[in-house]
Amino acid sequence: MADERDAAAGSGGSLVFAVNGERFELPTVDPSTTLLAFLRSQTRFKSVKLSCGEGGCGACVVLLSKYDPVVDEVKDFTASSCLTLLCSINGCSITTSEGLGNIKDGFHPIHQRIAGFHASQCGFCTPGMCVSLFGALVNAEKANRPDPPPGFSKLSVSEAEKSIAGNLCRCTGYRPIADACKSFAADVDMEDLGFNSFWKKGDSKEVKVKSLPLYNRNGDICTFPDFLKKEICSSMSLDPTRYGWYNPVRVEELQNLLKDNDFDNANEMKLVVGNTGTGYYKELKRYDRYIDLRCVPELSMVKKDPVGVQFGATVTISKVIESLRKKDNSGSPSRGGDVLKKIANHMEKIASGFIRNTGSIGGNLVMAQRKCFPSDIATILLAVDSEVDIMNGARSETVMLEDFLKRPPLDPKSVLLSVKIPNWEAVRKVSPETNTMLLFETYRAAPRPLGRALAYLNSAFLAEVSFGKISNGIMVDHCRLAFGAYGTKHAIRARKVEEFLTGKVLSPGVLYDAIKLVRDVVVPEEGTTSPAYRSSMAAGFLFEFFSPLIDSESSIGFLGNTLLADSSKLKRNKSASDKMRTVLSSGKQVIELSTEYDPVGKPITKSGGLIQASGEAVYVDDIPSPKNCLHGAFIYSTKPLARVKEIKFEPKPQPGVTALISFKDIPKSGENIGSKTFLGTEPLFANDFTEWAGQRLAFVVADTQKHADMATNFAVVDYNMEDVDPPILSVEEAVKRASFFEVPPFLYPKQVGDISNGMAAADHKIISAEIKLGSQYYFYMETQTALAVPDEDNCMVVYTSTQVPEYTHSTIAKCLGIPENNVRVITRRVGGGFGGKAMLSMPVATACALAAHKLHRPVRIYLNRKTDMIMAGGRHPMKITYSVGFKSDGKITALELEILINAGISIDFSPLLPKNIVTALKKYDWGALAFDIKVCKTNTPSRSAMRAPGEVQGSFIAEAVIEHVASTLSMEVDSVRSVNLHTSHSLDLFYEQSAGEPLEYTLPLIWNKLAMSSSFNQRTEMVKEFNRCNKWQKRGISRVPIVYEVSLRPTPGKVSILSDGSVVVEVGGIELGQGLWTKVKQVTAFALGSIQCDGSGDFLDKIRVVQSDTLSLIQGGMTAGSTTSETSCEAVRLCCNILVERLATLKGRLKEQMGSINWETLIQQASLQAVNLSASSYYVPDSASMAYLNYGAAVEVNVLTGQTTILQSDIIYDCGQSLNPAVDLGQIEGSFVQGIGFFMLEEYLENSDGLVISEASGEPPLLLAVSVHCATRAAIKESRKQLLQWGGLDGSASIFQLDVPATMPVVKELCGLEAVERYLEWIVGRE
């Protein structure tokens, strides 16, 4: 009502709002401008980050506050600023992470706890996390709950964890973030909180509570400033002539707008509520007018009465959930109320909280009807016979939701007014007195239980059942069965199945026939992914709904007459898809600390952690645009092999476009080069011939990033396919056509032992088994970005987010045809890399430099997520064929491999892969090891290094072989692993000089320690017992070892002491979030501290590590392989030793004169006496330390319900003496979770032309994530044994290939797509 009055108060006002307490008034603005675009381009508040641009990652989250002057109440909710239109926040207040606290005003306890729990690595996602948590804290304080103890909030642990459920982090593994959130919860168990910098092990609960940064519940953060409250009373509607934004406040006004002649062209007009639909359906065209529907009372009302509940179409999904959960005033339990609560529970699994807060129920249904959006809401409302009201012109009508969905797409000028959900208890008169009961359940099969993952299938079932005294069974009186999102235009009612079940007494035979009918009804359309899986899930969900109602003699379920009086006793099978699980459970971290080299080895908080949390850390795209700055975007090829005849824009011209840069614009003295390694180069642009889908064809330069991106959507490329050979898109085709990259002999690994003798010694052999491994996208939170600024004398300064500034520097100079001393590349920090900001960042920076060079203006780019995914090749796919010989006790005597690596079109780092694969493979003693590894050149994007490149695949291959051997021998796989672990003798044979001393081989010790600390043997027995007692859930357990060979590279360093005693450090390594700067600071403090001045205090506070600058520190090399922190530290230590040596003599003289001397005095005197206070070094590792081995092992327990759930993971990791355990712990957990993504979740989908169509101590532990895959395999094996018993499996239960990633469809297929039918047949047969 307040919205209505505000909007009706007048017309013709300006756009007024507040950001972090500051007033903004805009006289005019493009109505398509998003809040994110405004904040990032027009304010100093850069904490809101653009990452996915779809509202799916949480990097752009803000707190949006609205004031209602009638009730004097502020409503606060989180929102996705990348989707929120600026005009829609008129009269609102915005709070970003800078508004919570900052370096000048002091940091908020959220920032302090995030930093103190080591919950920030690259830091790009951290401000969004902080705002999401703050939003939850603000709203918890408004709840009618008891006051919590001092320092805590009214939040519960579960709510604290869920507050960040929609926020993505690619670095940390989430555990420390969840701990920071939980630390605010009133019901938190302090023992449950993980490793942090606030307390020491053994501290009491009281000490721990006092150690936390104090949270003041009545803090001084005002989310809605008083000055804005005063303005709310005046006119708040916008002048449509200035903004193109209309705020109708009555239905009649809306009708007039829609029939107005100015709105005849519907393509120029857009109806909006929260604009969240653009996260899924990108806006490719420009709208001149926007009609905001939120102020029309009929569209924003909520009505509840005995026959149902009605929602206006603009009511947000969050508001719908809240309303449906409100208790009935009667106080009596209601089955109809249960239906509404279950609808609300299901809605909470849809999207993220910050999307539900602004997205409307009507918008969701209109997308489902008009654009075939796979809506969950449409499905669940269909099952309860919901109705909708539609307005077309002056005419309104009420239709059933089912009929609405079947109609042709809604006319752009038609409006959905409201949705009505009936109260089923009132409608059907269902009650225990009438011997009937109402049952309702919703189901959802999605890759992730919470968040934005779209469902493979969703369904909702409502049934009215009664107890048949004559039949002595449960009769279905009526039922509603709805299915959606399975690859159909819209959700449907399974009418044939409903008719079949109505009036029947449930039995195994009846349920079997019903499930067969479901399979006939739920048929995905052609082209849908995993069609068999989706149909199988439909059958499985129906079985799960009805099976508890079947006679107990069938051993499926039970229900007696007495139970009808108390439906709470009906034990339903709750699937993983049906439960609202807490996001994370507890975690424990045990580390060994050393004070020998203090502060080295101390778990200090990450350097820059606080300013990352507050959003003040500056990333490349946060650098303010210089005057006259232009923005670029790439036009890429959609054909894998073709001649490029012409690139043009249709329609022409495109707004804001300044130039189109291609290979023709490269200076005559320059080269068409986009990236380079010591192995080869890749062109910046295709010339007249494109060689892969995704190849850069041209670079559009425009006045804004939005205009540049929009222009690429209207670029038309004319291809000529005549006389062009078919492209090579697979490794098999590459072999046929002998398309390979040469691997230099010094990079090709050595074979071990005699393969013929090894095979001859075997009792058993497996010949030519195959494995296929797919790719994985980096998904760094910050996409590729660069800013190039022309400087005097034909020079170029380039700011870029890269892991390889030195290579980027050289590439730019070569492309522009200028000396390298004319180029300067600066990198401060990177918002996530994982290898993707090495080779792949170079062409982005080079294209900006080329455009800036040609146009004599600054040029910058921030790649949109879709383009980034298409152009980034990702992890190397492979095909592996292996033969293995082994003894009857499981000891392997020989392993022979043929590996085909898909390297894509360019050489990149691909020739390094064979060595990496074999190094990881060698973690077991294979007896003899032989291999033929080919690096295949294909017409696909270049595959580049991604976290543990080759090693992660090699580790998986090793485990796949071990599993296969165990299955063949019917042995426990853990026994086969144990018998094939290295002895120190075999380790020498396989790893030669890298093996080190026998005492350094700690893997057997770790292996046994893991079994003890994780209670492996006891849990194995518990898993067996669980599997015996459960048909529809299976568990598996696994532990795996890794041996990781680490390579060190030469690295430069420079340490300078300024006149006040503060220290500035430069290193070749780049801060990617791995804590490199933090470790460098620690080593610098330790090394300079050896001068032992009096009262020098904490040296760490005197030290600053500065950004990489390729003209200041040369030969920086690359930051990769988890060792750059260590080599950078060693380079800095050498510098400090030089400085200490220079200062020691002076200190001795001064001490004789003065008695005692502090650090500042020493440095002042050194400056006066012309002591050189700057030292540089170049650390070159000797051959003895070039490589060493790391060991680790992990164990997982998995529940199998088609969806895999990790119940517990134990990791023991020996990384030697850690420079900073807190930082290394974060790397271990983060890379482990990223490995889970590769092995279990992240599908890398390509079309037939090889174009990516996916939607939207860092390395060794990633290899350990294979244990999740192995444990899943163990659970599948148990399920298959059961299936074999039911007669539903041809062949072996234990010998099968589990693909990577082991997604839900893959797992379900191996467990039996028709498992339910086979079980029911088995039951019927027994009867």
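Excluded from the calculations below are hydrogen atoms, water molecules and symmetry mates; all remaining heavy atoms, backbone and side chain alike, are included.
- By the 4.5 Å heavy-atom criterion applied to side chains, L630 and R860 are not counted as neighbours.
- A salt bridge between K229 and E231 is absent, with no side-chain N of the basic residue lying under 4.0 Å from a carboxylate O of the acidic one.
- Residues T96 and N20 have side chains that bring a donor and an acceptor to within less than 3.5 angstrom of each other.
- No donor-acceptor pair under 3.5 Å is formed between the side chain of R370 and the backbone N or O of P408.
- Judged by distance alone, the side chains of T867 and N864 do bring a donor and an acceptor atom under 3.5 Å apart.
- Of the N and O atoms on the side chains of S300 and R294, not one donor lies less than 3.5 Å from an acceptor on the other residue.
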Determine whether K66 and E73 satisfy the following criterion, salt bridge (Lys or Arg N to Asp or Glu O under 4.0 Å), listing intermediate values before the conclusion.
CA-CA 8 Å; K66 290 185 175 182; E73 183 179 272; over 6 Å; no
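- For the pair K371 and Y281, the cation-pi test (distance below 6.0 Å, angle within 45°) is passed.
- For the residue pair S47 and P127, the shortest heavy atom distance occurs at O-CB, 3.5 Å.
- Side-chain N/O atoms of R356 and T276 include no donor and acceptor closer than 3.5 Å.
- Under the 3.5 Å distance criterion, with hydrogens and angles disregarded, a donor-acceptor pair is assigned to the side chains of H111 and S97.
- Looking at D292, its side chain never comes within 3.5 Å of a backbone N or O of W245 through a donor-acceptor pair.
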Report the C-alpha distance between F24 and F38 in whole Å, list the side-chain angles of each, state the deciding distance to 0.1 Å, and finish with yes or no for ring pair (Phe, Tyr, Trp, His ring centres under 6.0 Å).
CA-CA 11 Å; F24 287 85; F38 172 77; 5.6 Å; yes
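- Counting only distance, with no hydrogens or angles, the side chain of Q255 and the backbone of G393 share a donor-acceptor pair below 3.5 Å.
- Side-chain contact, K706 with S32: a donor N or O sits under 3.5 Å from an acceptor N or O.
- Salt bridge E322/K75: absent, no basic N to carboxylate O contact under 4.0 Å.
- Salt bridge annotation for D411-K413: absent, with no cationic side-chain nitrogen under 4.0 angstrom from a carboxylate oxygen.
- In terms of heavy-atom proximity, V62 sits nearest to V131 at C-CG1, 3.5 Å.
- Between the side chain of S360 and the main chain of T314, no donor-acceptor pair closer than 3.5 Å is present.
- Nearest heavy-atom pair across I861 and G632 is CG1-O, 3.1 Å.
- Looking only at atom types and distance, the side chain of D389 has a donor-acceptor partner in the side chain of S418 under 3.5 Å away.
- For S318 and N357, the side-chain atoms include at least one donor-acceptor pair closer than 3.5 Å.
- Judged purely by distance below 3.5 Å, without hydrogens or angles, the side chains of K282 and N713 never pair a donor atom with an acceptor atom.
- Inspection of the S414 and N392 side chains reveals an N or O donor paired with an N or O acceptor under 3.5 Å.
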Please evaluate residues R865 and S51 with respect to the criterion side-chain hydrogen bond (donor to acceptor under 3.5 Å, both in side chains), reporting the C-alpha separation (whole Å), side-chain torsions for both, the decisive distance (0.1 Å), and the verdict.
CA-CA 7 Å; R865 183 62 67 178; S51 183; 2.8 Å; yes
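- Shown here for L410 and Q369, the closest heavy-atom pair between the two residues is N-OE1, 2.8 Å.
- Note on ring orientation: taking the six-membered ring where Trp is involved, the planes of F124 and Y619 are perpendicular (angle over 60°, cut-offs 30° and 60°).
- Judged by distance alone, the side chain of T316 and the main-chain N or O of K319 form a donor-acceptor pair under 3.5 Å.
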Report the C-alpha distance between R250 and E298 in whole Å, list the side-chain angles of each, state the deciding distance to 0.1 Å, and finish with yes or no for salt bridge (Lys or Arg N to Asp or Glu O under 4.0 Å).
CA-CA 8 Å; R250 298 186 310 279; E298 290 87 344; over 6 Å; no
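- When each of E22, E98, E616 is checked for a side chain to side chain donor-acceptor pair (under 3.5 Å) with R44, only E22 meets the rule.
- Between F354 and F77, the distance from one ring center to the other does not fall under 6.0 angstrom.
- Across all non-hydrogen atoms, the minimal contact from A786 to C848 is O-SG, 3.9 Å.
- Within a 6.0 Å sphere centred on NZ of K866, other residues, nucleotides and ligands contribute 12 heavy atoms or fewer.
- In this structure, a donor-acceptor pair under 3.5 Å is present between the side chains of D72 and Y67.
- Ionic pairing of E268 and R289 is present here: one or more N-O contacts between side-chain nitrogen and carboxylate oxygen are shorter than 4.0 angstrom.
- Two rings, from F714 and F649, have their centers 6.0 Å or more apart.
- With respect to K46 and D621, no salt bridge is recorded, no charged nitrogen being found less than 4.0 Å from a carboxylate O.
- Using modelled atom types, one side-chain atom of Y862 and one backbone atom of L50 make a donor-acceptor pair closer than 3.5 Å.
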Working for salt bridge (Lys or Arg N to Asp or Glu O under 4.0 Å), residues E650 and K648:
CA-CA 7 Å; E650 289 182 3; K648 57 187 176 183; 3.7 Å; yes
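- The main-chain N or O of L86 is never found under 3.5 Å from a side-chain atom of T33 such that the two would form a donor-acceptor pair.
- Aromatic ring pairs are classed by plane angle as parallel below 30°, tilted from 30° to 60° and perpendicular above 60°; the pair F373 and Y280 is perpendicular.
- Taking each heavy atom of L83 and G53 in turn, the nearest pair found is CD2-O, 4.1 Å.
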